[in-house]
Amino acid sequence: MYIPSYKEEPFEWYKSMRTQRIVREGNSVHVFKYNDVVTVLSNHNVFSSQFRDLLGDDIKNELDSRAAPSILILDPPRHTELRGLVSSAFTPRKIESYDNYIRELAAKMIENIIEKGRCDLVSEISYPLPIMVISNMLGVPEKDLKKFKEWSDALATSLGRGPDLRTQREMSEYFLNMIDRNSNEDNLISRLSNVSIDDKKLTDQEITGFSILLLVAGNETTTNLITNALIELSNHPDIYKELVDNNKIAGDIVEETLRFRSPVQSTRRYAKYDYQINGFNIYKNDFIFLYLGSANRDEEIFKDPDNFNPFRENKRHIAFGNGIHFCLGAPLARLESRIVLEEFAKRIESFSIERLNPDDRIDSDIMYGYKRAIINVKKI
Ligand code: HEM
């Protein structure tokens, strides 16, 4: 079966695959319809995220000695315990307290774009903003940001293609050195070092694993959300004009971008038992490929799904997943991108993005977005 990398637009392919609903090839099963994807994601007892159980002992031991498996690749009961611990250090209220900091950062970057008039949107704002925010939250000094970019890029490319051991090792060492159990500084690493539930604390390896996850799960994804939203607005100057007149619609634009150009197009599980998804046979140890980006364009769920319409009523996209692994960083990603759109529309009357070509796209089996997008802006 032909499976596109997201260097190409996948949406026509999805449309034709949705007519077949679920497709098996050997022990790989590809799921395209919204309800079927939700069935798998919400049934974590059958469909496991714990892929490490399938790795050889050598690789497993090498990985485990440095960073414990993150919540993304754990099943209950460990997933439940760990997620409880980390989410207490990552509450929506805490995230909202970053509003001013993010706004100032975004405003500065947008002023810079205006000064240049023509520049690369990704390197001026979509990329640096999320990485600066998460580094600030974690307590990483600014001088190390360049190193972070290299790691984050290497890990994003390796996602879905097997672990990148060298990068994992370098990052683990870096974060292990940052752990200070006696520190009471107001940053995520020191909070993670000190949170406890029933007297249980996170181990060094768990703190390291979680910090790496935040870097991988949070950066490239939010970068793509910001870029994709601005690309869509450049395709729809009428909607951008509405945003300039009324920045309350920024949140709706973010939600529709998540549905229409989902930054994470697919995720995976493996079957622990035989099962049937809506009559389709799944066998133990099958790999299940779940196309979130296809589910989000399912014509049985979303009216006129190939139309970018921030004002649609049904906003129940699954761009952040579903079930117990629902994205922990969703409030942060939403806040960052909403603020960028609001601050952008305050200062820029109109803008255009120069023709994008395939080489500008990210080469990934999971992420959907652009490495580069040249923007021309006209100031208010
Ligand atoms: C999980 C998407 C931003 C942290 C997930 C999942 C998706 C997702 C689809 C579930 C994967 C699965 O079930 O296999 C996105 C998108 C983002 C984004 C589209 C931006 C637009 C962030 C940010 C952070 C973050 C900013 C943190 C700083 C996490 C974590 C998990 C996760 C920790 C694992 C949760 C668990 O396993 O319980 N994300 N994410 N994400 N995301 Fe995000």
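Side chains included, hydrogens not; waters and symmetry mates left out as well; all remaining heavy atoms used. Ligands are counted one by one from 1 in listed order, and the atoms in each one are counted from 1 as well.
Comparing heavy-atom distances from atom 10 (C) of ligand 1 across Met137, Glu220, His325, Arg334 singles out His325 as nearest. Selection from Ile318, Thr223, Leu72, Leu258 by nearest heavy atom to atom 34 (C) of ligand 1 gives Leu72. Taking all heavy atoms of Met367, Gln265, His79, Arg83 into account, the minimum distance to atom 35 (C) of ligand 1 is reached by Arg83. Considering Ile324, Leu82, Thr267 only, the shortest heavy-atom separation from atom 14 (O) of ligand 1 involves Thr267.
The Leu225 neighbourhood of ligand 1 comprises atoms 21 (C), with distances under 4.0 Å to a heavy atom of that residue. Close contacts of ligand 1 with Leu213, meaning ligand atoms under 4.0 Å from a residue heavy atom, involve 33 (C). Close approach of ligand 1 to Ile134 (heavy-atom distance below 4.0 Å) involves ligand atoms 28 (C). With ligand atoms numbered from 1 in the order given, ligand 1 contributes 2 (C), 9 (C), 19 (C) to contacts under 4.0 Å with heavy atoms of Ala319. Interface atoms of ligand 1 facing Leu214, defined by a heavy-atom separation under 4.0 Å, are 27 (C), 28 (C). Residue Leu292 has at least one heavy-atom neighbour below 4.0 Å for each of these atoms of ligand 1: 9 (C). In summary, the atoms of ligand 1 found under 4.0 Å from a heavy atom of Gly218, numbered by their order in the structure, are 22 (C), 23 (C), 24 (C), 26 (C).
Nearest heavy atoms, Tyr283 versus Asp274: CA-OD1, 3.4 Å. Smallest separation of non-hydrogen atoms from Arg269 and Val40: CG-CG1, 4.1 Å. Minimum interatomic distance between Asn307 and Arg312 (heavy atoms only, all atoms of both residues): O-NH2, 3.0 Å. When all heavy atoms of Asn45 and Lys272 are compared, the pair lying nearest together is O-CE, 3.3 Å.
Every N/O-N/O distance between Arg268 and ligand 1 stays at or above 3.5 Å.
From the protein, the heavy atom lying nearest to atom 42 (N) of ligand 1 is Cys327 SG, 3.2 Å. Here the protein heavy atom with the shortest distance to atom 31 (C) of ligand 1 is Leu328 N, 4.0 Å.
Of all the heavy atoms of Asn224, none lies under 4.0 Å from any atom of ligand 1, so neither backbone nor side chain is involved.
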task = Kindly indicate, with the supporting measurements, whether the criterion side chain to side chain donor-acceptor pair (under 3.5 Å) is fulfilled by Asn247 and Glu342.
result = CA-CA 6 Å; Asn247 74 10; Glu342 288 168 0; 5.1 Å; no
message = Does Ser42 form a side chain to side chain donor-acceptor pair (under 3.5 Å) with Asn322? I'd like the steps, not just the answer.
response = CA-CA 6 Å; Ser42 54; Asn322 183 263; 4.6 Å; no
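Among the candidates Tyr275, Phe289, Phe287, the single residue satisfying the ring pair (Phe, Tyr, Trp, His ring centres under 6.0 Å) test with Phe47 is Tyr275.
Side-chain polar atoms of Asp120 and Ser123 form a donor-acceptor pair below 3.5 angstrom.
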